[in-house]
Each structure stands twice: as C-alpha cells, then as structure tokens.
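Just so it is clear: chains get the letters A, B, ... in the order the sequence lines come, proteins before strands, and each one is counted from 1.
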Amino acid sequence: MFSNEYVQLRMAKAEKLKESGLNPYDHYSKRDTKISEFFEKNKDISKLENKRDESKKFIVAGRVKFLRLMGKAAFFKIEDESGILQVYMSKNDLGESFNLLKKTLEVGDIVEIKGYPFVTKTGELSIHADNVRILTKAIHPLPEKFHGLQDIETKYRQRYLDMIMNKQTRERFKLRSKIVSLIRGFFLNKGFLEVETPMLHTVVGGANARPFMTHHNALDIDMNLRIAPELFLKRLIVGGFEAVFELNRNFRNEGIDHTHNPEFTMLEFYWAYHTMDDLMNLTKELFDYLFEKLNLPKKLQFRGMEIDFDKWQTITYKEALVKIGNIPENILENVDEMKKYLENAGVKIEEHIDSKGKLWAELFDAFVESKLIDPTFVTEFPVEISPLARRSDKNPEFAERFELFIAGREIANGFNELNDPLDQYERFKAQLEAKAKGDEEGMDMDYDYIRALQYGMPPTAGEGIGIDRLVMLLTNSESIKDVILFPTMKPKKEIFDQDDIK
RNA sequence: GAGCCCUUAGCUCAACCGGCAGAGCACCUGACUCUUAAUCAGGGGGUUGUGGGUUCAAUUCCCACAGGGCUCACCA
C-alpha cells in the first residue's frame, strides 16, 4: 500500500518534519481569509506606490498546485475552494524555516500562509509569506500539472483526485447541488410538503423495473430497494396531505450505460385537486425558474443539438407516431401489421408484447423518441403501459398521462392518478399476468395500496422527473457518471500486497 | 446482452513491417532572491493490465480473462 517509490520518498519528508518538531498532520489552522476574499480585499494594492501593504496581515490556506523553488526564494500557488493564489517566500523572511520547506514542501501538500499582500513585477496580486506551515503532508504525488488527470476510469473511481485536478468537475457538482436546492425551493414555495417514504420495500411497485433484493435478518423477510416512491406518496394523499414531493434515490437492478446508473435521483410530486394540465404548466414554470436562476440561455447546446426552451410543444401519442415516426396510420389498430412493421425494421419483440398499446410503445421507442429535441409533452398514452394512471373518460383505451421529452430523452412522466380501487386492482392483475408471461419488470399486487384507495384518494395528479438526466441536460454532460459524484463501478481487484497483512 | 476500441514509468503520451522500451512533467543531486507549465547541469525510475500460445526474438501476432470507453438493444 505504501511501497511505491514516490510515496516512500514523500513519507521520508513527513518524517523529516517530525524530526524538526513539526506535525505533518497538524490539525489546528488559523486561516482567517478565503482566497477569493483575499483578492476582493486587496484588489487596489497595485495602485499603491510600492505595490504592497505590509500593515495588512492575512492567513490563507490551501493545496499546493505549482511549486517554483529558487536558491533563496520560491513562488508557489495554493488553491482553496474559492480560488488559487500565488505565494512568495524567501530566506530573508523565513530564515532556517525556508531551508526545511525547501526540502519538504511539495505539490499536493496542504499549507497555511501568513503574510501581506503585494503585486509582483509581472503584475500578479500575491501573498508575501511571513510564515509557512505544512498542515497536511500529501504522500501520494498528484497527476502531471499541465495535462492533469485524463483517464476517464480514474476520474470516476477516484473522484477526489478528479476534483483536486479539475475545476470543471467541482463546478459541475456545485451546479448540480444548486439545481437540486432550487427545485426544493420551487416546490416548497408552491406549498408542497417534502416527505421521506421508505426505501426498503416488501412489494415491488410504482414503476416497471427489476429491483435489488435484500433480506432483513431480524424479521426474516426479503425486502427490495425501492424502484419508485409512488405508491407511498399516494398513500399520503389518501391520508390528507394535498401536495407532497420527495427528492431522493431510486434503485434499479438493470444495465449500466451513459444514461443509467443503478441508483439514481428522482423527484416525484403529487398534487390533489389538480390535473395533468396543471402539472404540465408547473413543469414549464419549473424550467423557466431554473433557467432564470441559473442564468442559462434558452437556446441550450447539448451534445451537438440546440434545444429551444422557448418552443414547448404538445402532441398526442398517436399523432407523434404518425407525424414524427412516419408510421402509416392504418396499421395502428392492427396488432399483426404493427408486429410485421417492427420486424421489418429489425426490432425484436418479446413474447409478452401482444397488445395494441404495448406495440405502440415499441413503435414510439423505435421511431419517435430520439426525434423529440425541443421540449415536447406527449399525451394520450395507451392504458396498458400506464398501470397507475387514470383512464380517459373520452376514450377508455387511453390514460390521462403525459411524458416530457427533451433532446430525444424522457425527462418527466406525469398523469392523473388512478383512484378507482377496482380498476387499479384489475391493472395490478394485468401486471401479474405479464410477469407470469416473462416480463421481469412487472409490478407486484399491492393489497394495502388497493385498501388505501378503498378509503378514497381525492382527484390527484402526480409527476416524476429524473434529476440526473435533467442535470446532464443543464450541464451538457455526455454521461450520467459525470453528474453522479460516485458512480457505480465494478470493483477493481487491488494488487495483493504482502505489507498489508503484516 | 451483442459489436468495435483502449490498457506501456506516479501522470500525459511515443515506440514504423515482430528486432536492446523512450520523451515531457513529477522525483533525486547540484546552481539560482520576482517566477508563471520557471530555467540550467547531472541522475534514478518499467514483470508494457493478468494468464497462456506462436516465434531465435512479442509492447507489437493469436487465444482466454479482468477493467474501462463508444455504438446498438432494454430500462429512467
């Protein structure tokens, strides 16, 4: 673990500090100024006659990023969360301490500087050190200073290193944090109540996906990590809460690729006495709010596409198939002809896909989804693929449901909630039948949920928004791993080291 | 799940048709009191992802495995 040649050399330097009575892992820092504050407070130093103010003292701290040692003086740059600052130190000012620093200070170390502001000959506002303390000795060398860390795998596996080396990474995750807190604020302002429902479930439901299974020892029961919070949130509506949201993790035991991580963040919100039209308006309002607060251009660049967030559209599922997917309208009522059409296009169809609605969904995925670039609400979903949505009064084949597509991807999914307990019972039964036919993503029968609906759920509309994908969109990120701090990775075998067992 | 590609020093990358594994940064020694990827002189550092195979000879060709990336399929 510590056998690397460079680590050994740096450990020897830490030892040298100890021998001089200095703790290479000292805890107490007297930092009184962030680097951004240092720049703010000293921006006028260059106007002074000798370009320095020895009467002002600041204590700053940060990680050494560049180091230029000369015979009796040195320049180095330290970086804290707020910025990067050049330090000048000389033997004149530091005496013997300078010699020790020359032998022990390295790029990567965390240091504390006490000094005064001055401007160098080349015009850079810097700090002139009276005192330099190594607070934390880094014994692992950093990647190369010019090219930085390039290896994609290392960026994901050692995010801390990615963060040390790449400011864009730090900025991207700060932006994610800001987006999440803006969304929270938006819903709280609208009177929604933030709640936390279980992540350990005993019934699989709320979405169509394969769950992670686990076991509770004391109760001796199998449990699954939730694939969605939906059914619990709607129980809260039954209980009398009229507007709730939950913004947290879901877990799905499925493939990993650049848009899927086994754990991902989902916003779900439920709004009693409102309709899906209210949801669509609210969604648009949320996007406008985010664009305004984040100061983003309404014509957003994403993966080579330009998305116009002033051009929101609404289209029905059937219209989308015909007008955007260019599918002949006359085959849309004929299961066999749709199957033939899909097979001719090379789409393989699983056996449990045997109804008009499910085939529409296959056609939609194959021919429509990727073409929906500007924000588009698709409405009038087939009822078979919408097991929790209210059936349309006008046409019982359709559910009162919409999905929002942006940049060829589903971003949100919402509907008027099904609150007829009998209809819900039948829909669950259809899920069980699909599961029996081999659909591994079918829901379980949730008896308690049916019971809850028997008590009466007021007319309610609910929606889910995938936060990771939203953040990808707003940060122009290619991979979901770029917006998740610690993405799921297959563990890498660490090389066995004899020293570790001694 | 399928196809294609990648893995060489701590990091970023070379190595032509199979012929002694190199460079820059970093590191070590020395010089240097205003440098900006500091500079100058010298030096050390490698089981080429792992395991097999072909060959006089393999970073290079073949096979398997591991990890990663991209594309397609499925899912959000």
Side-chain angles (χ1 to χ4, degrees), chain A residues 4-10 12-13 51-52 65-77 84 86-94 98 102-103 106-108 118-124 126 128 138-157 161 165 206-210 227-228 250-268 346-350 353 361-362 365-366 369-370 403-405 409-413 439-441 464-470 472 478-481 487 489-495:
Chain A
N4 175 280
E5 169 200 355
Y6 299 97
V7 172
Q8 287 288 327
L9 280 161
R10 295 179 77 123
K13 292 186 181 188
K51 301 199 170 187
R52 62 189 57 216
K65 298 301 283 283
F66 298 92
L67 182 57
R68 294 183 278 276
L69 282 169
M70 290 167 288
K72 296 187 179 70
F75 283 95
F76 55 97
K77 296 210 171 183
I84 186 158
Q86 178 167 262
V87 182
Y88 174 77
M89 66 175 183
S90 73
K91 197 170 180 179
N92 276 358
D93 302 302
L94 299 181
F98 180 83
K102 222 177 132 178
K103 284 187 184 129
E106 288 171 290
V107 171
F118 81 116
V119 174
T120 64
K121 279 181 185 168
T122 47
E124 182 168 346
S126 309
H128 194 120
I139 61 170
H140 201 296
L142 288 179
E144 198 237 344
K145 62 185 168 189
F146 189 57
H147 298 93
L149 179 64
Q150 297 295 328
D151 188 73
I152 293 168
E153 188 177 346
T154 310
K155 284 185 188 187
Y156 298 149
R157 286 189 190 278
L161 191 57
M165 297 308 295
N208 293 105
R210 296 175 67 178
I227 57 172
N250 288 344
F251 307 86
R252 298 190 185 175
N253 203 344
E254 287 164 350
I256 296 174
D257 64 25
H258 69 292
T259 55
H260 296 87
N261 196 65
E263 50 181 311
F264 63 101
T265 302
M266 188 82 168
L267 165 71
E268 287 202 12
V347 180
K348 281 180 197 158
I349 310 163
E350 287 179 45
I353 295 170
E362 293 293 319
D365 290 345
E369 184 166 2
S370 64
E403 283 190 351
L404 170 63
F405 292 87
R409 291 178 188 168
E410 184 194 335
I411 294 291
N413 175 21
D439 182 357
E440 289 178 325
E441 293 162 356
I465 298 179
I467 298 300
D468 308 281
R469 290 187 180 180
L470 177 63
M472 284 172 71
E478 301 275 329
S479 168
I480 197 168
K481 290 186 167 80
M489 301 288 279
K490 205 163 179 178
K492 207 170 187 173
K493 272 185 203 155
E494 300 286 349
I495 295 162

Minimum-distance nucleotide (side-chain atoms of [X] versus [options]):
{"X": "A:L149", "options": "B:rA38, B:rA76, B:rU12", "answer": "B:rU12"}
{"X": "A:L9", "options": "B:rC27, B:rG68, B:rG10", "answer": "B:rC27"}
{"X": "A:E106", "options": "B:rC28, B:rG67, B:rC11", "answer": "B:rC28"}
{"X": "A:K490", "options": "B:rC74, B:rG68, B:rG69", "answer": "B:rG68"}
{"X": "A:D257", "options": "B:rC74, B:rA76, B:rG67", "answer": "B:rC74"}

Could you tell me whether [X] contacts a base, only the sugar-phosphate backbone, or nothing, with contacts defined as non-hydrogen atoms closer than 4.0 Å?
{"X": "A:N261", "value": "base"}
{"X": "A:N250", "value": "nothing"}
{"X": "A:M489", "value": "sugar-phosphate"}
{"X": "A:K13", "value": "sugar-phosphate"}
{"X": "A:R157", "value": "sugar-phosphate"}
{"X": "A:E144", "value": "base"}
{"X": "A:K51", "value": "nothing"}
{"X": "A:D151", "value": "sugar-phosphate"}
{"X": "A:G464", "value": "nothing"}

Which value, in whole Å, describes the distance between the [atom1] atoms of nucleotides [N] and [M]?
{"N": "B:rU54", "M": "B:rU7", "atom1": "C1'", "value": "23 Å"}
{"N": "B:rA26", "M": "B:rA41", "atom1": "P", "value": "15 Å"}
{"N": "B:rU50", "M": "B:rA66", "atom1": "P", "value": "15 Å"}
{"N": "B:rC28", "M": "B:rG68", "atom1": "C1'", "value": "34 Å"}

**Report entry** Non-hydrogen side-chain atoms of A:L149 and A:K155 separated by less than 4.5 Å
**Finding:** yes

Which pairs, protein N/O on one side and nucleotides 29-35 of chain B N/O on the other, fall under 3.5 Å?
unit_1, atom_1, unit_2, atom_2, d
B:rC32, N3, A:G71, N, 3.3
B:rU33, OP2, A:K72, N, 3.2
B:rU33, O2, A:Y88, OH, 2.9
B:rU33, N3, A:N92, ND2, 3.4
B:rU33, O4, A:N92, OD1, 2.4
B:rU33, O4, A:N92, ND2, 3.4
B:rC34, O2, A:K121, N, 2.9
B:rC34, N4, A:R52, NH2, 3.2
B:rU35, O2', A:R68, NE, 3.2
B:rU35, O2, A:R68, NE, 2.8
B:rU35, O2, A:R68, NH2, 3.1
B:rU35, O2, A:Q86, OE1, 3.3
B:rU35, N3, A:Q86, OE1, 2.9
B:rU35, N3, A:Q86, NE2, 3.1
B:rU35, O4, A:Q86, NE2, 2.8
B:rU35, O4, A:T120, OG1, 3.0

**Report entry** Salt-bridge criterion met for A:K77 and A:E124 (N-O under 4.0 Å)
**Finding:** yes

**Report entry** Electrostatic pair A:R409:A:E369 at N-O distance under 4.0 angstrom
**Finding:** no

What nitrogen or oxygen pairs link the protein and nucleotides 44-49 of chain B at under 3.5 Å?
unit_1, atom_1, unit_2, atom_2, d
B:rG44, N2, A:Y6, OH, 3.4
B:rG45, O2', A:E5, OE1, 3.2

Query raised in the report: Is the base of B:rC17 syn or anti, if syn means a glycosidic angle within 90° of 0?
Result: syn

Report summary line: Note on RNA chain B: ranges paired as stems (three or more Watson-Crick/G-U pairs in a row, both atom distances under 3.5 Å) are B:1-7 with B:66-72, B:10-13 with B:22-25, B:27-31 with B:39-43, B:49-53 with B:61-65

